[in-house]
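Please read the structure below before turning to the comments.
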Amino acid sequence: SFFKGLVKGGCVPGGGRRPDEGCIYVKNLPSDTTDFNLYEMFAPFGAVAVQGVKAMIKEDGSCTGVGFVDFQDPEVAGGAGGAF
């Protein structure tokens, strides 16, 4: 898509390659968790990267209980991970 092309090309702030230190692994999520729910939970801690939230979804549409949040600032990721 057009947007993905812009992200891949580095034209969107926060869309380029980011270090793994900014990514946190979230577990024990409810089965109805969505990407947007993760964004709502973690955005108050700091800037989340473009397309930086992902709830892992099963074929039936329910969450596997695992998700990932990618912050632009690794220090924010440490604080957010410790809060939950």
Side-chain angles (χ1 to χ4, degrees):
S1 80
F2 178 71
F3 181 73
K4 286 183 182 181
L6 290 174
V7 171
K8 204 174 207 182
C11 298
V12 177
R17 179 92 172 107
R18 293 171 303 276
D20 290 339
E21 296 85 34
C23 187
I24 62 171
Y25 169 80
V26 186
K27 60 182 181 176
N28 298 324
L29 295 169
S31 62
D32 62 346
T33 301
T34 65
D35 292 349
F36 187 68
N37 295 139
L38 281 178
Y39 178 80
E40 287 181 310
M41 285 189 289
F42 287 96
F45 291 96
V48 174
V50 174
Q51 299 179 345
V53 291
K54 182 66 180 166
M56 303 309 292
I57 304 297
K58 299 178 193 174
E59 287 185 23
D60 67 3
S62 64
C63 180
T64 63
V66 173
F68 299 90
V69 181
D70 194 2
F71 288 96
Q72 291 186 353
D73 182 353
E75 289 183 26
V76 171
F84 285 92

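Counting from 1, the numbers follow the sequence of the chain as shown. All of these numbers come straight from a predicted model, not from anything done at the bench.
- Contact record, C63 with P30: CB-O, 3.5 Å, taken as the closest heavy-atom pair.
- Nearest heavy atom pair, residue V48 against residue A43, reads CG2-CA, 4.0 Å.
- Each of I24 and V66 belongs to its own hydrophobic cluster when Ile, Leu, Val, Met, Phe, Trp and Tyr are linked at side-chain heavy-atom distances under 4.5 angstrom.
- To the nearest 0.5 Å, atom OG of residue S62 and atom CD1 of residue I57 are 7.0 Å apart.
- Taking the six-membered ring where the residue is Trp, F36 and Y39 present parallel rings, their angle staying beneath 30° rather than reaching 60°.
- Rounded to the nearest 0.5 Å, atoms CG (D70) and CD (Q51) are 11.0 Å apart.
- Criterion: ILVMFWY side-chain heavy atoms under 4.5 Å apart, direct or through other members. Under it, M56 and L38 are not part of a common hydrophobic cluster.
- Between V69 and F45, every side-chain heavy-atom pair lies at or beyond the 4.5 Å cut-off.
- Annotation for E40: atom CD counts as buried by contact number, over 12 foreign heavy atoms lying within 6.0 Å.
- Y25 approaches F68 most closely through the heavy-atom pair CD1-CE2, 3.5 Å.
- In this structure, F71 and A77 approach most closely via the heavy-atom pair CD1-CA, 3.6 Å.
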